[in-house]
Amino acid sequence: MAATQKTIDALEEATGKYKYGFVTNIESDKAPKGLSEDTIRFISAKKEEPQWMLDSRLKAFATWQKMEAPDWAKLNIPPIDYQDIHYYSAPKTGGGPESLDEVDPELLKTYAKLGIPLDEQKVLAGVIAVDAVFDSVSVATTFRGELSKVGVIFCPISEAIREYPDLVKKYLGSVVPVGDNYFSALNAAVFTDGSFVFIPKGVRCPMELSTYFRINEANTGQFERTLIIAEEASYVSYLEGCTAPQRDENQLHAAVVELVAFDDAEIKYSTVQNWYPGDENGVGGIYNFVTKRGACRGDRSKIAWTQVETGSAITWKYPSCILQGKDSVGEFYSVALTNNCQQADTGTKMIHIGEGSRSTIISKGISAGRSQNCYRGLVRVQPGAENARNFTQCDSLLVGDKCGAHTVPYIVSRNPSGKVEHEATTSRISEDQLFYCQQRGISTEDAVSLIVNGFCKEVMKELPMEFAVEAQKLIGISLEGSVG
Amino acid sequence: MAPLLEIKDLHASVGDTPILKGIDLIINTGEIHAIMGPNGSGKSTMSYVLAGRDGYEVTGGDILMNGESLLEMEADERARAGMFLAFQYPVELPGVGGMSFLRAAVNARRIDAGEKEVDQLEFVKMVRAKAKHLNINDDMLKRAVNVGFSGGEKKRYEILQMALLEPALSVLDETDSGLDVDALKVVSEGVNLLRDPQRSMLVITHYQRLLNHIVPDYVHILAGGKIRRSGGKELALEVEESGYAGINDAA
């Protein structure tokens, strides 16, 4: 139909609207390009790390050198020159700032542009504590005093390595071992910063904890490492937002996130990922190769991953839950939106080990432009997981006729009492729906945004309020001009 | 003053098939016109052509609203200019909350007119007041647009939107189809409440019975893509008695 083609053309024009594509003009302190033991020693020295950490990094590097990049995903990844990347970049302001007064005003302006409530006053008025990671270092962690009163530790991981070495030694790499995969090994060798969260027994974290990641420097990789430990009967909700400036070259982001939940503890981890996706011809954009995994070690523990992913040129990401505890619960709510030449291969793994463990997977994939969007998920019920249950719903929405949606579910059940359900649908925004909205005076763009947000509703309602509003807008922006 | 709607020698095709073959019609402000016709006469095509649906191509003639041609306007622009279509088969919008949908529609008009967007609380009150007359309860307003609605609920929801958007011209496309007598009564009463000297309606129907409830000022008989006869409300009764047979020949 004529109008459909017209709107698809409009979609193809509607790029270059990445509103976070500004570069902050700050002098930075960078490691020379390239990856070697020297680079790792440089990073470790910059971070004033103890010897055990450096040893662990060097071991990881040796492991990584023996590994091959994975090629099983439905992704077309151009070769990456690991010697052409800066592995460390810090805004040049001396040591870590003690308070916001010491933070470079240029940086604060950047955060203001991104809409992060970094300003202490605003933060106090709100309910969020923010740890902002700019390239490789944490620049400000707000609200720490308030948190420490209840015994919650929320700080850059580099600081935790120095201040809480026992906790870090005990848990770092315990969920995602160094040799788990190519990118986790790389991360273990060169990670520069990230967040550390510790919620002691019985404490309900009094506010949402939030990290904001931003890659600013050209040719810089960001390898953040996050570790969250929730002791017995504690609760924490953690939010993560990501952006990067618009650049022609590809930037690498290979993060590792590990969560540990003990008896009756609950961790809710939410991500809004808006890394630069590249232009309409697929030039530039972030390679987002991330390993996120949570271990429900305790009985009745619960880990919920919620993600809204609209950015990155290539996404390779499978936030997973290892359900070890009896009656433990894993949840995965995901919206993955791809447009233009973006590629995403994303999903989850739910490994049922504990008796009565339950998991829910709700995945909503939206493909537009010439993008390829693949859901890949594994549900595994181990022999000991009596009465384990899983429900998976996997919906794909196509916008236009040049994109692809793929669903690759793996189900392995080794216990006859396990119940695994999988539902999947693939649909297209119909011309009827668009016309109906238009006839009510709603422009085509707004109609697409309404319909797509409706499609994603089950996931959106899992996001904390303040994130949900941002995520809705993001979906509107990412789909501007697209109609099918 | 130009009439609200003036259709001049309108020809329209769907694909390569000509459906409308020269329609002339004038609707003045405050008038209610009914278009009756057998299946396949072009009634629904006419409603879509007026609303500007893609794929319904105007091959000749013109449609003027307040003296201005609508032909170059997109469907949403026509809607904001005051054209409303109550659908024969309203489509479901899964996950799209009724209230946010209605608010998006009202705000689209306000933004166009340079007015402030509607306040959320005020809006809820406004919708509830109008919904009451149509037997639409809060539960129905909370659900996703048209999802799981019965035939009668869908039609009432159309009329609720019409009441909220206050269009200058409402085209009701076979609003009676799929309704039992009681539902028909509720819907008709809702429509009659909206009768106003400032508003016009074009009621498209196959059967005369709707016109017992929504009494038109003028009745036109459409057959074979042309208006064959026009008259007052008594013309509908005549069709009811003798059927559409022979209308083509009579022209």
Side-chain angles (χ1 to χ4, degrees), chain A residues 1-10 333 335 362 364 366 393 395-397 423 425-463 468-469 471-473 475-476 479 481 483-484, chain B residues 14-15 47-48 50-57 73-98 100-113 143-147 154 157-158 160-162 164-167 170-171 173:
Chain A
M1 226 169 274
T4 310
Q5 188 52 48
K6 199 166 72 191
T7 41
I8 290 169
D9 293 345
Y333 301 98
V335 170
I362 309 284
K364 305 277 180 177
I366 301 126
Q393 189 187 324
D395 298 324
S396 305
L397 186 68
E423 289 179 9
T425 65
T426 302
S427 53
R428 207 176 264 286
I429 294 185
S430 76
E431 198 268 333
D432 280 355
Q433 289 173 323
L434 286 176
F435 177 59
Y436 189 76
C437 295
Q438 271 191 295
Q439 212 302 305
R440 297 312 183 235
I442 300 167
S443 69
T444 319
E445 281 184 2
D446 290 347
V448 170
S449 177
L450 259 179
I451 294 167
V452 171
N453 271 302
F455 173 75
C456 303
K457 195 176 191 178
E458 289 156 280
V459 173
M460 294 302 209
K461 72 178 169 49
E462 296 296 328
L463 282 176
V469 176
Q472 266 186 27
K473 282 189 200 146
I475 282 178
L479 279 167
V483 180
Chain B
V14 178
S47 68
Y48 288 147
L50 289 176
R53 182 166 194 161
D54 290 332
Y56 291 76
E57 199 194 340
M73 288 163 79
E74 293 289 335
D76 56 313
E77 295 173 276
R78 296 186 196 192
R80 293 194 297 270
M83 167 87 68
F84 182 87
L85 171 61
F87 284 73
Q88 183 178 5
Y89 303 111
V91 66
E92 296 186 359
L93 302 176
V96 179
S100 25
F101 178 73
L102 296 175
R103 212 146 69 92
V106 168
N107 280 335
R109 275 167 184 70
R110 294 206 172 195
I111 291 164
D112 230 28
R143 279 148 68 185
V145 177
N146 292 321
V147 176
K154 281 185 182 168
Y157 200 65
E158 292 295 290
L160 172 66
Q161 294 178 55
M162 177 173 153
L164 275 172
L165 300 175
E166 304 184 335
S170 302
V171 180
D173 187 8

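We use all heavy atoms of the structure for the numbers below, so side chains are in, but hydrogens, waters and symmetry mates are not. Naming convention: chains lettered A, B, ... in sequence-line order (proteins, then strands); numbering from 1 in each chain. These numbers come from a predicted model, not from an experiment.
In this structure the side chain of S100(B) never reaches within 4.5 angstrom of the side chain of N453(A), judged on heavy atoms. The shortest side-chain heavy-atom distance between R78(B) and Q438(A) does not fall under the 4.5 Å cut-off. Residues D432(A) and R53(B) form a side-chain contact, since some pair of their non-hydrogen atoms from C-beta on lies under 4.5 Å apart. Proximity of S430(A) to E92(B): side-chain heavy atoms (C-beta onward) are nowhere separated by under 4.5 Å.
Counting heavy-atom pairs closer than 4.5 Å to chain A, the top residue among E77(B), R80(B), E57(B) is R80(B). Chain A forms the most heavy-atom pairs under 4.5 Å with one residue out of A75(B), A81(B), A108(B), and that residue is A75(B).
Residue R440(A) comes nearest to A79(B) through the heavy atom pair C-CB, 4.1 Å, listed as atom of the first residue, atom of the second, then distance. Closest approach of D76(B) to T444(A), counting heavy atoms only: OD2-N, 4.5 Å. Smallest separation of non-hydrogen atoms from G52(B) and F435(A): C-CE1, 4.2 Å.
The distance from atom CD of Q161(B) to atom CD of Q439(A), rounded to the nearest 0.5 Å, is 9.0 Å. Within the model, atoms CG of L93(B) and CD of Q433(A) stand 5.5 Å from one another, a figure rounded to the nearest 0.5 Å.
Within the 4.5 angstrom heavy-atom criterion, no atom of D446(A) approaches chain B. Proximity to chain A (any heavy atom under 4.5 Å) is shown, for A104(B), by both the backbone and the side chain. In this structure, chain B has no heavy atom under 4.5 Å from any part of C456(A). With a 4.5 angstrom heavy-atom cutoff, V145(B) touches chain A only via side-chain atoms. Looking at P167(B), there are no atoms closer than 4.5 Å to chain A (heavy atoms on both sides), in backbone or side chain. Within the 4.5 angstrom heavy-atom criterion, only side-chain atoms of N146(B), from C-beta onward, approach chain A. In this structure, chain A has a heavy atom under 4.5 Å from the side chain of L165(B), while its backbone stays farther away.
By the 30° and 60° cut-offs, the orientation of the rings of Y436(A) relative to F101(B) is parallel.
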